[in-house]
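Sequence positions, counted from 1, serve as the residue numbers for this chain.
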Amino acid sequence: MTGIDLDVDILVIGGGVVGCAILRELARYDARVALLEQYPDVCEGTSKANSAIVHTGFDARPGTLEARLLAEARLLWPEVIAHLHIPYLQTGALMVALNEQEQATIAEEIIPKAEANGVRLEPLGRAEILEAAPYVNERIVGGVLVEGEGVIDPFWTTRAYCEHALLNGAQLFLGERVTAIEVEARRLLVRTESGKRFSASLVVNAAGLWADEVARLAGDTSFRLTPRKGEFLITEEDHGVAQIVLPVPSEVSKGILVTPIVFGGVLLGPTAEDVSDKRDLATTVAGQQRIRAGVARLVPAMATASTVRQFAGLRAVSSTGDYIIRPSTVSERLIHVAGIRSTGLSASPAIGRYVGRLVSETLELPLRTSYREALPEPLSGAAQEDGEVVCLCRSITRGEILAALRSTLPPRTLDGLKRRTGAMLGECQGNLCLPRLIELFQQELGRDPWSLEKHAPGSRLLAARPASLESTPAYSGERPDGQQ
């Protein structure tokens, strides 16, 4: 086709955990598949700012598509984790009741709903909980154990989905924001802000919070998404917390949680605030105060824990009240995957499988005969290079940094490197290792330090190149006093 930069069978819009899970599943079929992501890396939207919990779906509304796919995902996760070598801890979760009314809610609402969703909860008395989890508020009256809940690395998961798809022939285009969609009888033409034109037999709209706006580009106004902001705090103090600790949920939110992080530390939050701006990622004093107040009800010692990071994420609230996974109202060749809320990470393997079946039926696609079921076993960075420690807080070596920079999907930004290695996630948040990391970016990828960005376009750490630094030598790792 004249003027087309790429012609494919299936084009996925959106490189979050759901979009990448879909890309991985579509790579099973004998088709040309590609993904467009507006940011310079995958996992840049809702997927990078969630609780990182693999949720059983025990409290999903029975009968919904969300509940159905969460149930299917429970069966798929063991294989996904094994094949993609994803860091995962099955910690279980404790939901605790602080009064008789909350205890009644657990007995009359939570447990029956869990049973309807095929999840067994184990009721526990006050003494049992405090013996197993002495860090929990001693004022509790009881609770339940959700044994199947666990925590995962959402960055690794999203990237592994994408890398597995690339291994099986899929293509990835980063920094390509979709600006127009033309719907024809048997093709869709997608234009991006950079001026590129993509032609596809079928387009999957998995643009997360922006999926309703992508739909409108094609003339479909059948659903609307509004942002709900959740603020989080990260602490390096664990106070013995080894399980997810949950409050009794409300109609709006699962509440403020205390969650172990799979790669170290504890996550506190999130809040739940409906906002109007889909770019509002600001953290607030009021939000942090709400987190600490919520945490104090569950694990009192955590209420005064020192924190190393605060951040906010936006999740999509659908006008339909359920997942939207269906053909568009304008064409069966445009499939929407929207309104996935905060359970997208947990349901992602099943969402990918569901969309794969839908797409293959529409296009009558056969399975690929040469599909590779698993990623190669990752090698430790230290095994590939020397063990010089670059990130002191997390003991990340030069070899691990180089392995990420030389990987199938290398980072383009400093945050991308952070999410691949754990560097800059510790107590100093990169203040000690940043110069060395910038130098390695320059050496391995030829990136000019002055143009290197933290995450999104325009987030450069250095605003200009002072004339006095034009001839500054590369950072050597030595301090002015000669010490290392």
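- Environment of CD in Glu147: sparse, with no more than 12 heavy atoms of neighbouring residues, nucleotides or ligands closer than 6.0 Å.
- Residue Glu25 holds its CD atom at 10.0 Å from NE2 of His164, rounded to the nearest 0.5 Å.
- Thr271 and Glu231 are not linked by any side-chain donor-acceptor pair at a separation below 3.5 angstrom, with hydrogens and angles left out of the test.
- Here the OG1-CG distance, from Thr157 to Leu84, works out to 8.0 Å after rounding to the nearest 0.5 Å.
- The only member of Arg224, Arg177, Lys278 that meets salt bridge (Lys or Arg N to Asp or Glu O under 4.0 Å) when paired with Glu213 is Lys278.
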Test log, rule side-chain contact (heavy atoms from CB on, under 4.5 Å), inputs Phe223 and Arg326
CA-CA 12 Å; Phe223 66 94; Arg326 58 165 174 78; 3.8 Å; yes
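- With Glu37 contributing its side chain and Tyr39 its backbone, the two residues share a donor-acceptor pair below 3.5 Å.
- Asp238 places no side-chain N or O within donor-acceptor distance of the main-chain N or O of Val241, the cut-off being under 3.5 Å.
- Residue Arg357 qualifies as enclosed at atom CZ: its count of foreign heavy atoms under 6.0 Å is above 12.
- In this structure, Phe263 and Pro87 have side chains that are not in contact, with every pair of non-hydrogen atoms separated by 4.5 Å or more.
- Of the N and O atoms on the side chains of Thr91 and Glu149, not one donor lies less than 3.5 Å from an acceptor on the other residue.
- Side-chain contact between Pro249 and Ile110 is present, with at least one heavy-atom pair separated by less than 4.5 Å.
- Note that CG of Leu452 is 4.0 Å distant from CG of Leu414, once rounded to the nearest 0.5 Å.
- Annotation: side chain of Ile335 is in contact with side chain of Leu202 (closest heavy-atom distance under 4.5 Å).
- Side-chain contact between Pro154 and Asn50 is present, with heavy atoms from C-beta onward closer than 4.5 Å.
- The heavy-atom pair separating Pro62 from Ala67 by the smallest distance is CA-CB, 4.4 Å.
- The ring-ring contact (aromatic ring centres under 6.0 Å, His included) pairs that include a residue from residues 47-71 are His55-Phe58, where partners are two or more places apart or lie in different chains.
- The CD atom of Glu236 sits 7.5 Å away from the SG atom of Cys393 when rounded to the nearest 0.5 Å.
- At most 12 heavy atoms of other shown residues, nucleotides or ligands fall within 6.0 angstrom of atom CZ in Arg297.
- Between the side chain of Ser318 and the main chain of Thr320, a donor-acceptor pair closer than 3.5 Å is present.
- The salt bridge (charged side-chain N to carboxylate O under 4.0 Å, His left out) analysis of residues 45-55, with sequence neighbours excluded, yields the pairs Glu44-Lys48.
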From CA spacing to verdict: side-chain contact (heavy atoms from CB on, under 4.5 Å), Ile396, Val390
CA-CA 6 Å; Ile396 308 299; Val390 174; 5.7 Å; no
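- Here the side chain of Arg126 pairs a donor or acceptor atom with the backbone of Ile140 at under 3.5 angstrom.
- A donor-acceptor pair is defined here as one N or O able to donate and one able to accept, closer than 3.5 Å; such a pair exists between the side chain of Thr105 and the backbone of Gln101.
- Of the residues Leu437, Leu440, Thr421, the one that meets the side-chain contact (heavy atoms from CB on, under 4.5 Å) test with Leu405 is Leu440.
- Using a 4.5 Å heavy-atom cutoff, the side chains of Thr56 and Leu70 are not in contact.
- The backbone N or O of Gly287 sits less than 3.5 Å from a side-chain atom of Thr284, completing a donor-acceptor pair.
- Note: Arg24 CZ to Tyr371 OH = 4.5 Å, rounded to the nearest 0.5 Å.
- Across Tyr88 and Ile81, no two heavy atoms sit closer than the pair CG-CD1, 3.5 Å.
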For Glu373 and Arg28, run salt bridge (Lys or Arg N to Asp or Glu O under 4.0 Å): C-alpha distance rounded to whole Å, both residues' side-chain angles, the deciding distance at 0.1 Å, then the answer.
CA-CA 9 Å; Glu373 291 287 346; Arg28 292 181 183 274; 3.6 Å; yes
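- Minimum interatomic distance between Leu345 and Trp77 (heavy atoms only, all atoms of both residues): O-CZ2, 3.1 Å.
- When side chains are defined from C-beta on, Asn431 does not count as touching Leu434, because their heavy atoms never get closer than 4.5 Å.
- Between the side chain of Asp212 and the backbone N or O of Leu225, at least one donor-acceptor pair lies under 3.5 Å.
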Evaluate the salt bridge (Lys or Arg N to Asp or Glu O under 4.0 Å) criterion for residues Glu102 and Arg139: first the C-alpha distance (whole Å), next the side-chain angles of each, then the deciding distance (0.1 Å), finally the verdict.
CA-CA 13 Å; Glu102 289 186 349; Arg139 294 191 296 107; over 6 Å; no
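- Residues Tyr323 and His336 place their aromatic rings such that the two centres sit no closer than 6.0 Å.
- When the side-chain hydrogen bond (donor to acceptor under 3.5 Å, both in side chains) test is applied to Arg292, no partner is found at least two apart in sequence or on another chain.
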Give the C-alpha distance, both sets of side-chain angles, the deciding distance and a yes or no for side-chain contact (heavy atoms from CB on, under 4.5 Å) between Val146 and Leu94.
CA-CA 6 Å; Val146 191; Leu94 281 172; over 6 Å; no
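- Judged purely by distance below 3.5 Å, without hydrogens or angles, the side chains of Ser328 and Asp220 pair a donor atom with an acceptor atom.
- In this structure the side chain of Val18 never reaches within 4.5 angstrom of the side chain of Tyr161, judged on heavy atoms.
- A salt bridge (Lys or Arg N to Asp or Glu O under 4.0 Å) with Asp41 is found for one member of Arg412, Lys418, Arg420, Arg159 and no other, namely Arg420.
- In terms of modelled atom types and a separation under 3.5 Å, the side chain of Thr235 and the main chain of Ser306 share a donor-acceptor contact.
- Panel note: side chain Thr329, backbone Ser222; no donor-acceptor pair is recorded below 3.5 Å.
- For Glu427 and Arg394, the salt-bridge test fails: no basic side-chain N is under 4.0 Å from an acidic carboxylate O.
- Closest non-hydrogen pair, Thr158 versus Gly15, comes out as CG2-O, 3.8 Å.
- Counting heavy atoms from C-beta on, the side chains of Val266 and Ile261 never come closer than 4.5 Å.
- Ion pairing between a basic and an acidic side chain is recognised when a charged N comes within 4.0 Å of a carboxylate O; Glu108 and Lys113 show no such pairing.
- The pair Glu66-Arg341 meets the salt-bridge criterion, with a side-chain N (NZ, NE, NH1 or NH2) lying under 4.0 Å from an Asp/Glu carboxylate O.
- Panel note: side chain Glu72, backbone Arg68; no donor-acceptor pair is recorded below 3.5 Å.
- There is no side-chain donor-acceptor pair under 3.5 Å between Thr397 and Glu388.
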